[in-house]
2 protein chains.
Amino acid sequence: MCDIAAWHDCTVAVRLRAKHATWENAIIRAVTSIDVARAAGVSQSAVSRAFSPGSSISARTKQKVLAAAASLGYRPNRIPAIMLSGRSFMVGVVIGGLENPFYATALERLATALRESGLQVLLMHVDDALTLDSALDRLVSYRIDAIVTSLAIGSKAVVQALSQLRLPVVCFNSSHVGPWISTVNSNNHGAGLVAARLLGRHGMQRPLWLAGPSRNSASRARGRGFCQGVRDTGIPSARLVRVQGNDTYDSGYDAIARLQKQGIRPDAIFSSNDMMACGAIDALRECMGLHCPHDVAIMGYDNIPQAAWRSYDLTSFDQQTDQMVARAMQLLDEALGTQDGPVSRTCIVDAQLIERGSTRAAR
Amino acid sequence: MCDIAAWHDCTVAVRLRAKHATWENAIIRAVTSIDVARAAGVSQSAVSRAFSPGSSISARTKQKVLAAAASLGYRPNRIPAIMLSGRSFMVGVVIGGLENPFYATALERLATALRESGLQVLLMHVDDALTLDSALDRLVSYRIDAIVTSLAIGSKAVVQALSQLRLPVVCFNSSHVGPWISTVNSNNHGAGLVAARLLGRHGMQRPLWLAGPSRNSASRARGRGFCQGVRDTGIPSARLVRVQGNDTYDSGYDAIARLQKQGIRPDAIFSSNDMMACGAIDALRECMGLHCPHDVAIMGYDNIPQAAWRSYDLTSFDQQTDQMVARAMQLLDEALGTQDGPVSRTCIVDAQLIERGSTRAAR
DNA sequence: TGTTGTTTTGCATAGCTATGCAATTTTCCG
DNA sequence: CGGAAAATTGCATAGCTATGCAAAACAACA
């Protein structure tokens, strides 16, 4: 019924003819500061100074230049400055997994923070680690000043590749460190402890740790914290269930659905992230007839918007994106500002427990 | 309007540090092709050719160059080429509203497509139309080749600002057109018709159109299609309820929650997007005691991942992101390839109805 | 070997702006 | 008004690579 768009039918081509022959030249050659200088009757230096705040130029000259620039449609060109200074004010942002709303939001905040610091975002989306190398080559060929990545830097090889760039790198939630590499981590281990204590207060006896892929170091840290917290609280030790595949809703759903066959019946679940937790809630109800929070208490991580949606009402840990981004900017500034060579710092931000209905047992 | 001086101001702090960086670079200078040439005992041209596929160079020379380059850690530099060719192979991508998973996914796909076409993404996140002007100035100062934006270009002023850049612009779901501006639209109106027909088949009698903000032209088109479809089908005409604020889950929830007081009791809702639809489902249950699909059939738009989550199981229209991105790339290639001046084309992609439980009335 | 044709190499340059420095103009003050 | 100080302006250049063109090396062939 809805057939593929026949775009030859729906397409409207509108070609606009030039009124003056001049604009065609403008395509071939952009308006330069020399053009403006000629039009304003000043030197090219004056044009440059008119657009550089704080430089030595009289109000009258600046006025003339700006007028000429406006009439010619001149736009300052930062490319030559990159060559001269060796600084492009571009930061390579390497991301993946935007289907997780947490990363999408983080990217948004990061982009805003970078913009406000006068830095541009050269975005590189990578599907897997394989494409990372060529992605880095590309970024570097544009002479980026630094790299910020939210990828969970899993392998030593990736760390080495990053270090060899001899560029400041700031990672989110990466456990590996090395020269040139700084990281901002959520306090994953601490949050795991808090999660376990919360279950202890509710008297849970059959906790389950719903783990993300083992290559995800942040997930591993959450699990370690949780299991330790469970031991500390004196609850019977937590059962580990690891999702197959990625840390998505479907993976969480499937992992819990499999419990049915195995005869496992948890009364509390701590999930490596919110999407998996939502999948778990639905699987419990649909496959096992268990309801949250009446039969099972559930906690996630990330505090994605959907955790607050009423159908899930999911207790979660907020990663405090704003703080983490602010820290990342600090580390970045520090790395960019120093002349002392490779900087490597780590910085940990506490996650905040957001209690919602999914852990309010109504027994 | 386009205050160029203003954004220069915000980079002053960083600029000062750049001086130090320059001074420092005199000591730790990036490896250039000249360094490699010296090390390999060849001319700088040879180095350039060794890294330009298809250029005239003997295997032996290339070998020497690559070896020297590897040992020095040389990385090709595209910045001078930008100056020479006037082409940066960077595309400015202007986005906002990543909290809507649909846009996040679209960005991911777009970034991938651009990368595969050898284009870089210079990302610009804008919170509102106010920051757009300065954002554009920044992008242009990096000599981007084109702009792609998923913002709903609402106002004539924005269109004019974009046109004045004299750069190819490709918009998603924008109704306004103009020189230099091409658009890829979802068939919003057609989808509205389809939605109405679906309700007609189910015998609904009290349809409600849950409208997004009136400035959103895509939302308006969906509403027009729906209302016309409702008329065509002979159902009593659809009631309009417009959200206050943005097109989010909360807005959808609140809009439906308000129905209670007004004594409105729909038996079918077509929502401007999925997030609002999810809010509507929850509000119906919590505030009015109505259940979906038993009491009310609900449809959304975008087919975000959450629409498939079992707690919502929402019928939706898939915007066929892959197709839309592919079309956008075609329009982009066309605009970049032509020398004939400003191109303006429009292209429409049908949305695909995804029927799920929210419209499977179990009466 | 000489000649012609082909491949490879190096030279020289363009591309545009920011900035140090010197020259010039303006301002200030005695 | 004169001269010193300050402000402004212009000149010249650096920054790095891709590429047209000419020169050189090489290959093929008689």
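First the proteins, then the strands, lettered A, B, ... as listed; each starts at 1. FYI, side chains are in, hydrogens and waters are out, and symmetry mates aren't considered; it's all heavy atoms of this structure. Computed from a predicted structure; not experimentally measured.
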Of the nucleotides [options], which has the atom closest to the [X] side chain?
X	options	value
Ser56(A)	dC16(C), dT8(D), dT17(D)	dT8(D)
Ala46(B)	dG10(C), dA18(D), dT17(C)	dG10(C)
Gln44(B)	dA18(D), dG10(D), dA18(C)	dA18(D)
Thr61(B)	dT17(D), dT9(C), dT17(C)	dT9(C)

Looking across every strand, which nucleic acid part, if any, lies under 4.0 Å from [X] by heavy atom: base, sugar-phosphate, or nothing?
X	value
Ser58(B)	sugar-phosphate
Ile57(A)	sugar-phosphate
Ser33(A)	sugar-phosphate
Thr32(A)	sugar-phosphate
Phe51(B)	nothing

May I ask you to verify whether the side chain of [X] and the base of [N] hold a donor-acceptor pair under 3.5 Å?
X	N	answer
Arg49(A)	dG10(D)	yes
Ser43(B)	dC11(C)	no
Ser45(B)	dT17(D)	no

Euclidean distance, atom [atom1] of residue [X] to atom [atom2] of [N] [Å, nearest integer]:
X	N	atom1	atom2	answer
Tyr142(B)	dT17(C)	OH	P	15 Å
Ile82(A)	dC16(C)	CD1	C1'	12 Å
Lys62(A)	dA7(D)	NZ	P	16 Å
Ile79(B)	dC16(D)	CD1	C1'	10 Å
Met83(A)	dT19(C)	CE	P	15 Å
Asp35(A)	dC16(C)	CG	C1'	11 Å
Arg87(B)	dA18(D)	CZ	P	16 Å
Asn77(A)	dC16(C)	CG	P	8 Å

Checklist entry - Between the side chains of Thr61(A) and Ser58(A), does any donor sit under 3.5 Å from an acceptor? => result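 Yes, side-chain donor-acceptor contact under 3.5 Å.
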Checklist entry - Please walk me through it: do Asp322(B) and Arg327(B) pass salt bridge (charged side-chain N to carboxylate O under 4.0 Å, His left out)? => result CA-CA 9 Å; Asp322(B) 283 330; Arg327(B) 296 285 181 234; over 6 Å; no
Checklist entry - Arg60(A) or Val47(A): which one's nearest nucleotide on DNA chain C is closer to the 5' end? => result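 Here Val47(A) is the residue nearer the 5' end.
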Checklist entry - Among Val148(B), Thr183(B), Ile95(B), Thr149(B), which one satisfies side-chain contact (heavy atoms from CB on, under 4.5 Å) with Phe172(B)? => result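 So, applying the side-chain contact (heavy atoms from CB on, under 4.5 Å) to Phe172(B) and each of Val148(B), Thr183(B), Ile95(B), Thr149(B), only Val148(B) qualifies.
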Next on the checklist: Does any part of the side chain of Trp180(B), heavy atoms only, come nearer than 4.5 Å to the side chain of Leu167(B), both counted from C-beta?
Outcome noted: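 SC-SC contact between Leu167(B) and Trp180(B) ruled out.
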Checklist entry - So, do Ile181(B) and Ser163(B) sit near enough that their side-chain heavy atoms are less than 4.5 Å apart? => result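 Result yes, sub-4.5 Å side-chain heavy-atom pair found.
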Checklist entry - Has Arg87(A) got its NZ or CZ under 6.0 Å from the middle of the six-membered ring of Phe89(A), at an angle within 45 degrees of the ring axis? => result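 Yes, a cation-pi geometry holds between Arg87(A) and Phe89(A).
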Next on the checklist: For dC16(D) and Tyr74(B) - does any side-chain N or O of the residue sit under 4.0 Å from the phosphate oxygens OP1/OP2?
Outcome noted: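 No.
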